[in-house]
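Shown next, in structure tokens, is the structure this report addresses.
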Amino acid sequence: MAALPPWLARCSPARRWLVLAAALALAVGTACADRATVFPAKGEVMFVDADCYSRMTRVREVCDHPGTVLRRHGFENYPFGTDPHTTVPLDYAVWALRGVLGVLTGREARDLAGAWISPLFGVLAVLGVWWWAECERLRAAWLGLLVFGASPIVAHGFALGRPDHQSLIVACMAWALAAEWAQWRAPSRAWGLVSGVAWALGLWTSLYEPTILLALLLVGGLLWNRPALFRRERLPGLAAGGAILLLALWIEGWRVDALPGFGEGGGAEYFTAWSHQIGELASVPPWSPTLYGWTG
């Protein structure tokens, strides 16, 4: 039998079972979050959000023509098309998982990969948080791990049948913030590399939430722990992260506009009405039951 990695061998059996329980809690949560994904007898996959079908249309193009980078959606807002904010990392993550599942199942597994990509990122996020907690030897880390694994809002982000870039962002931010915590406590080239890669992949996936978190981190570091931001141990991570961002710019091009492009004649004036239909953009007052339902 192969020997366990040193960091895993140091963990007690109880803690190993604990991380398994957290991963299972997240897996059950993703399966039950929001609306259940339906797998009819014909083998078809029904996704939980309308946006998922847009993502899977992108994935179909990628699977049919590997190397494709979709910078414009002709299949949305017909006949004008639209310039999407979606990027390629999740497209090719689903493409890669499709290849693995295709080998394991012996059949076309594109939709199956789309259904399971977010729970897979959820498990990787739980494992990352557990690894960080073990390396830092945090007291009562098991409690935080279980809360993270069973959190309703986290489970929604990693929901089964929801191939949305939120799952990739949350996984990247979990790794990035864990690495930053470790860096603030003790400088490390390894954690610096994890931090740089995680931040870069998160920013490539979306310039919204990762940018806000990174800005808050930089402001907090400048105010309370300035030396932690300028240690030499960060250089490999900065180099790796910078290379990833340059690669993203080369592949995606510069696609930041004041308002999302709806194509010629599409009517950007409809953006306000459209945005009111997006749950993530809605305002939730502190006394709303929705807030406490999502946070458990």
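Below, each value reflects all heavy atoms present in this structure, side chains not excepted, and no hydrogens, waters or symmetry copies. All figures in this text were calculated on a predicted structure; none of them were measured in a lab.
- Side-chain contact between S167 and R162 is absent, with no heavy atoms from C-beta onward closer than 4.5 Å.
- When all heavy atoms are compared, the tightest approach of P236 to L193 is O-CD1, 3.8 Å.
- Side-chain contact between Q183 and R231 is absent, with no heavy atoms from C-beta onward closer than 4.5 Å.
- Here the side chain of D49 pairs no donor or acceptor atom with the backbone of D51 at under 3.5 angstrom.
- Residue S206 comes nearest to E209 through the heavy atom pair OG-OE1, 3.6 Å, listed as atom of the first residue, atom of the second, then distance.
- None of T205, I212, T211 except one satisfies the side-chain contact (heavy atoms from CB on, under 4.5 Å) rule with Y208; the exception is I212.
- Surrounding CH2 of W95 are at most 12 heavy atoms belonging to other residues, nucleotides or ligands under 6.0 Å away.
- Residue W250 is grouped with residue V62 when hydrophobic side chains (ILVMFWY) are merged at heavy-atom distances under 4.5 angstrom, including chains of intermediate members.
- A donor-acceptor pair is defined here as one N or O able to donate and one able to accept, closer than 3.5 Å; such a pair exists between the side chain of E252 and the backbone of V88.
- In this structure, the side chains of F121 and V170 stay at 4.5 Å or more apart for every pair of heavy atoms.
- Put simply, L127 and F158 are part of the same group of oily side chains (I, L, V, M, F, W, Y) that touch within less than 4.5 Å, one to the next.
- Closest approach of A125 to A174, counting heavy atoms only: CB-CB, 4.4 Å.
- For the pair C63/M56, no side-chain contact is recorded, criterion being any heavy-atom separation below 4.5 Å from C-beta on.
- Rounded to the nearest 0.5 angstrom, L70 CG and S54 OG are separated by 9.5 Å.
- Note: I251 CD1 to L246 CG = 11.0 Å, rounded to the nearest 0.5 Å.
- Atom CG of L229 and atom CH2 of W224 lie 12.0 Å apart (nearest 0.5 Å).
- Taken from CE in M173 to CG in L203, the straight-line distance is 6.5 Å, to the nearest 0.5 Å.
- Residues P163 and C52 share a closest heavy-atom pair of CD-SG, 3.5 Å.
- To the nearest 0.5 Å, atoms CD (E108) and CZ (R98) are separated by 4.0 Å.
- Under the 4.5 Å side-chain contact rule for hydrophobic residues, F230 and L218 share a cluster.
- Of all heavy-atom pairs between V94 and A113, the closest is O-CB, 3.7 Å.
- In this structure the side chain of V197 never reaches within 4.5 angstrom of the side chain of W175, judged on heavy atoms.
- With contacts defined as side-chain heavy-atom distances shorter than 4.5 Å, the pair H73/T57 does not qualify.
- Between D91 and R55 there is a salt bridge, since a side-chain N of the basic residue sits under 4.0 Å from a carboxylate O of the acidic one.
- The aromatic rings of H165 and H85 sit perpendicular, their planes meeting at an angle over 60°, well past the 30° parallel limit.
- Connection of L214 to L235 is not established within any shared hydrophobic cluster, with ILVMFWY side chains joined at heavy-atom distances below 4.5 Å, either directly or through further cluster members.
- Remark: aromatic rings of W184 and W191 are distant, center separation not under 6.0 Å.
- The same ILVMFWY cluster, assembled from side-chain heavy atoms under 4.5 Å apart, contains both V194 and W181.
- Atom CD1 of I117 and atom CG of L168 lie 8.5 Å apart (nearest 0.5 Å).
- In this structure, A109 and T105 approach most closely via the heavy-atom pair CB-OG1, 4.3 Å.
- Judged by distance alone, the side chains of W199 and E180 do bring a donor and an acceptor atom under 3.5 Å apart.
- Within the 4.5 Å cutoff, no side-chain heavy atoms of R58 are placed close to those of T68.
- Checked against the 6.0 Å centroid threshold, Y53 and F47 count as a close aromatic pair.
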